[in-house]
Amino acid sequence: MELFNTISNDIKEAMKAQDKVALATLRNIKKVLLEAKTAPGANDIVSDADAMRIIQKLVKQGRESAELYSSQNRNDLAQEELMQVAVMEKYLPKPLSEEEIRQEIKNIIAELGVTSAQEMGKVMGTATKRLAGKADGRTISTIVKSLLS
């Protein structure tokens with residue numbers, strides 16, 4: 001709930017600063033969080049962990065949209081998406097470097113005692129939970145495959 005309040009306060013600050021990109025982005029985040037709060041079974045609560053996942057999803061969608069716009073030579077729209085992504089990333093934990101992710105996955109493999117690529121699912125499940133918010137699934141998957149093969 002703390003993140004929701006932070007975003008609400010930052011909306012006020014963006015209004016005062018007349019930062020149109022930040023304001024539009026923060027309003028969008030708040031709208032999505034309010035939808036999550038009022039979803040059936042949510043009991044009018046969105047935890048910070050859930051809010052982080054929602055923001056991560058929005059960041060991923062923004063990056064994908066920017067790539068799509070770039071491929072269609074719409075750099076103006078791609079730039080706008082990337083500016084919104086930059087605003088959203090301020091609310092996420094700092095992502096790990098590839099070497100940090102690799103080391104963490106090596107630790108997970110050692111903990112689980114995994115020896116073959118056939119047990120990749122075990123490693124992926126644990127790694128995805130442990131690295132949530134710090135690394136994207138595609139990177140985790142690539143590193144797990146390289147370490148197990």
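Bear in mind the structure is a predicted one, so any value in this text is a computation, not a measurement.
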> Can any side-chain N or O of D10 pair as donor or acceptor with the backbone N or O of L26 at less than 3.5 Å?
Replying inline: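 Checked: no pair found.
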>> Strictly distance-based, threshold 3.5 Å: is any side-chain N or O of D19 a donor or acceptor partner for the main-chain N or O of A14?
In response: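 Side chain of D19 to backbone of A14, a donor-acceptor pair under 3.5 Å: no, none is there.
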> Can you tell me how far the CD atom of E100 sits from the NZ atom of K134, to the nearest 0.5 Å?
Replying inline: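 So the CD of E100 and the NZ of K134 are separated by 10.0 Å.
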> When rounded to the nearest 0.5 angstrom, what distance separates CD in E104 from CG in N107?
Replying inline: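 Answer rounded to 0.5 Å: 5.5 Å.
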Quick check: is [Y] connected to [X] through a chain of hydrophobic side chains (ILVMFWY, heavy atoms under 4.5 Å apart)?
| X | Y | answer |
| --- | --- | --- |
| L23 | V59 | yes |
| M88 | L82 | no |
| I101 | L92 | no |

List for me each residue that meets salt bridge (Lys or Arg N to Asp or Glu O under 4.0 Å) alongside [X], sequence neighbours excluded, and say none if there are none.
| X | value |
| --- | --- |
| K31 | E35 |
| E119 | K122 |
| D50 | R53 |

Nearest heavy-atom pair of [X] and [Y]: which atoms, and what distance?
| X | Y | value |
| --- | --- | --- |
| R102 | I143 | CA-CG2, 3.9 Å |
| G137 | M124 | O-CE, 4.3 Å |
| I140 | A127 | CG2-CB, 3.8 Å |
| M120 | L148 | CA-CD1, 3.8 Å |
| L3 | A51 | CD2-CB, 3.6 Å |

Mind checking side chain to side chain contact (heavy atoms under 4.5 Å, CB included) for [X] and listing every partner two or more places apart, or none if nothing turns up?
| X | value |
| --- | --- |
| Q18 | none |
| E64 | K60 |
| T126 | I108, L112, R130 |

> Heavy-atom distance under 4.5 Å between the side chains of M15 and K12, does that happen here?
Replying inline: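 No; the side chains remain at least 4.5 Å from each other.
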> Is there side-chain contact between M52 and Y91, with heavy atoms separated by less than 4.5 Å?
Replying inline: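 Of all side-chain heavy-atom pairs linking Y91 with M52, none is under 4.5 Å.
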> Which pairs with one or both residues in residues 20-30 pass side-chain hydrogen bond (donor to acceptor under 3.5 Å, both in side chains), sequence neighbours excluded?
Replying inline: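 Non-adjacent pairs meeting side-chain hydrogen bond (donor to acceptor under 3.5 Å, both in side chains): S8-K30.
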> Does any pair with a residue in residues 70-81 pass side-chain hydrogen bond (donor to acceptor under 3.5 Å, both in side chains), and if so which ones, sequence neighbours excluded?
Replying inline: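 For residues 70-81: R74-D76.
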>> Around atom CD of Q118, are there more than 12 heavy atoms from other residues, nucleotides or ligands closer than 6.0 Å?
In response: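 No.
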> Counting only heavy atoms not in E98, do more than 12 sit closer than 6.0 Å to its CD atom?
Replying inline: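 At most 12 heavy atoms, drawn from other residues, nucleotides or ligands, come within 6.0 Å of this atom.
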> Can you check side-chain contact (heavy atoms from CB on, under 4.5 Å) on I55 and I7, steps first, answer last?
Replying inline: CA-CA 11 Å; I55 294 171; I7 289 171; 4.0 Å; yes
> Hey, what else clusters with Y69 if you join Ile, Leu, Val, Met, Phe, Trp, Tyr whenever side-chain heavy atoms sit under 4.5 Å?
Replying inline: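 When side chains under 4.5 Å apart are linked, the cluster holding Y69 also contains L77.
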> Taking only residues at least two apart or on different chains, which pairs with a member in residues 140-149 satisfy salt bridge (Lys or Arg N to Asp or Glu O under 4.0 Å)?
Replying inline: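 Applying salt bridge (Lys or Arg N to Asp or Glu O under 4.0 Å) to every pair that reaches into residues 140-149, excluding sequence neighbours, yields nothing.
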>> I'd like to check the side-chain hydrogen bond (donor to acceptor under 3.5 Å, both in side chains) partners of N9; sequence neighbours left out, ordered by chain and number.
In response: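 Residues passing side-chain hydrogen bond (donor to acceptor under 3.5 Å, both in side chains) with N9: none at all.
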> Mind checking what makes side-chain hydrogen bond (donor to acceptor under 3.5 Å, both in side chains) contact with T38, not counting sequence neighbours?
Replying inline: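 side-chain hydrogen bond (donor to acceptor under 3.5 Å, both in side chains) list for T38, sorted by chain: empty.
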>> I29 and side-chain contact (heavy atoms from CB on, under 4.5 Å): which single residue from I11, L58, L34, I54 fits?
In response: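 Exactly one candidate clears the test, L58.
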